Amino acid sequence: LVAGIGLLFLFGRDWLGGYLADLGIRLVFTPLGAVVAQTFIAVPIVIRSSRAAFEGVNRRYELAAQTLGLSGGAIFFRITLPLARQGIVTGTVLAWARALGEFGATLMIAGATRFKTATLPVSVYLNISSGELGLALAGAWLLLLFAFLLLLAVKALGRGADGKMLTRNPCRKP
């Protein structure tokens with residue numbers, strides 16, 4: 001909610017929103033605003049997970065590739081990024097799950113207009129507020145189902161083809 005208030009002020013007419021409006025871009029009370037709010041909330045999860053994944057890459061592989069004559073870019077794309085891929089993908093899935101359930105920031109910047117800016121959590125809120133318990137429960141069940149499926153996806157990402165948990169260093173032989 002507090003992040004949404006900050007975004008509302010940032011993208012309001014008096015701040016950055018005025019400049020964007022001159023370019024024909026409106027964020028406040030639009031679906032694009034919902035995307036911006038959800039991205040703002042979810043990106044730190046991806047960053048934290050990616051950072052941990054990159055820090056978990058054994059520096060020796062990069063040094064060995066450097067001694068074999070690979071450039072910095074080649075080392076990153078052929079060695080470092082593939083070794084960190086699992087952590088990056090897991091962070092992305094978790095961030096998507098977080099954005100899926102985002103309520104406060106989305107409500108503040110995108111509003112709660114049915115069939116225009118209402119996300120599933122906002123729709124649950126609107127249906128509860130208007131006394132439509134059946135629709136609210138259906139939306140809540142959908143959110144729970146998505147959360148469960150994403151949990152299964154994260155668990156599956158942590159397993160290799162043989163069903164065993166991947167170690168921090170998938171290139172190391174047992």
Side-chain angles (χ1 to χ4, degrees), residues 1-56 81-82 84-161 163 165-166 168:
L1 187 65
V2 174
I5 292 170
L7 289 171
L8 190 58
F9 279 108
L10 178 66
F11 294 116
R13 277 272 182 212
D14 296 335
W15 288 57
L16 190 57
Y19 298 112
L20 292 174
D22 292 341
L23 297 172
I25 301 171
R26 277 196 46 223
L27 292 178
V28 178
F29 304 122
T30 66
L32 181 59
V35 171
V36 168
Q38 292 171 344
T39 301
F40 181 78
I41 295 297
V43 162
I45 296 169
V46 176
I47 292 171
R48 261 183 273 145
S49 177
S50 298
R51 181 177 179 187
F54 282 121
E55 288 175 352
L81 192 59
R85 179 187 61 83
Q86 181 182 357
I88 296 167
V89 172
T90 301
T92 303
V93 170
L94 289 173
W96 189 73
R98 175 66 181 94
L100 182 67
E102 174 52 39
F103 177 77
T106 304
L107 181 66
M108 291 305 296
I109 195 157
T113 307
R114 286 186 194 267
F115 305 113
K116 184 179 178 191
T117 61
T119 60
L120 197 52
V122 172
S123 183
V124 169
Y125 169 75
L126 290 174
N127 287 320
I128 285 284
S129 299
S130 64
E132 298 178 37
L133 188 60
L135 289 174
L137 286 174
W141 278 109
L142 276 174
L143 284 170
L144 284 172
L145 177 66
F146 285 144
F148 180 72
L149 291 175
L150 287 171
L151 177 65
L152 290 178
V154 168
K155 295 264 300 166
L157 287 171
R159 299 194 178 276
M165 291 299 291
L166 292 176
R168 294 196 104 199

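In this text, all values refer to a predicted model and were calculated from it rather than measured experimentally. Side chains included, hydrogens not; waters and symmetry mates left out as well; all remaining heavy atoms used.
- With E132 as the partner, the side chain to side chain contact (heavy atoms under 4.5 Å, CB included) test is satisfied by one option alone out of L137, N127, L126: N127.
- Judged as a salt bridge (Lys or Arg N to Asp or Glu O under 4.0 Å), and not counting sequence neighbours, the contacts of R51 are E55.
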Under 3.5 Å, which donor-acceptor pairs link side chains of residues 143-150 to any protein atom two or more places apart or in another chain?
none

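- The structure places CZ of F9 at 14.5 Å from CG of L16, a figure rounded to the nearest 0.5 Å.
- With a 4.5 Å cut-off on side-chain heavy atoms, I109 and T30 do not count as touching.
- The stretch residues 1-23 participates, sequence neighbours left out, in no side chain to side chain donor-acceptor pair (under 3.5 Å) pair at all.
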Enumerate, atom names and distances included, each donor-acceptor pair closer than 3.5 Å involving a side-chain atom of residues 87-95, sequence neighbours excluded.
{"residue": "T90", "atom": "OG1", "partner": "Q86", "partner atom": "O", "Å": "2.8"}
{"residue": "T92", "atom": "OG1", "partner": "I88", "partner atom": "O", "Å": "2.8"}

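- Within the 4.5 Å cutoff, side-chain heavy atoms of M108 are placed close to those of L1.
- Contact of the L100 side chain with the Q38 side chain is not registered, since no non-hydrogen atoms from C-beta on lie closer than 4.5 Å.
- Between A53 and A84, the closest heavy-atom pair is CB-O, 3.5 Å.
- Judged as a side chain to side chain donor-acceptor pair (under 3.5 Å), the pairs with a partner in residues 93-109 (not counting sequence neighbours) are, in order, R98-E102.
- Screening residues 120-141 for ring pair (Phe, Tyr, Trp, His ring centres under 6.0 Å) gives F103-Y125 as the qualifying pairs, with residues at least two apart or on separate chains.
- Judged purely by atom type and a 3.5 angstrom limit, S49 has no side-chain atom pairing as donor or acceptor with the backbone of I45.
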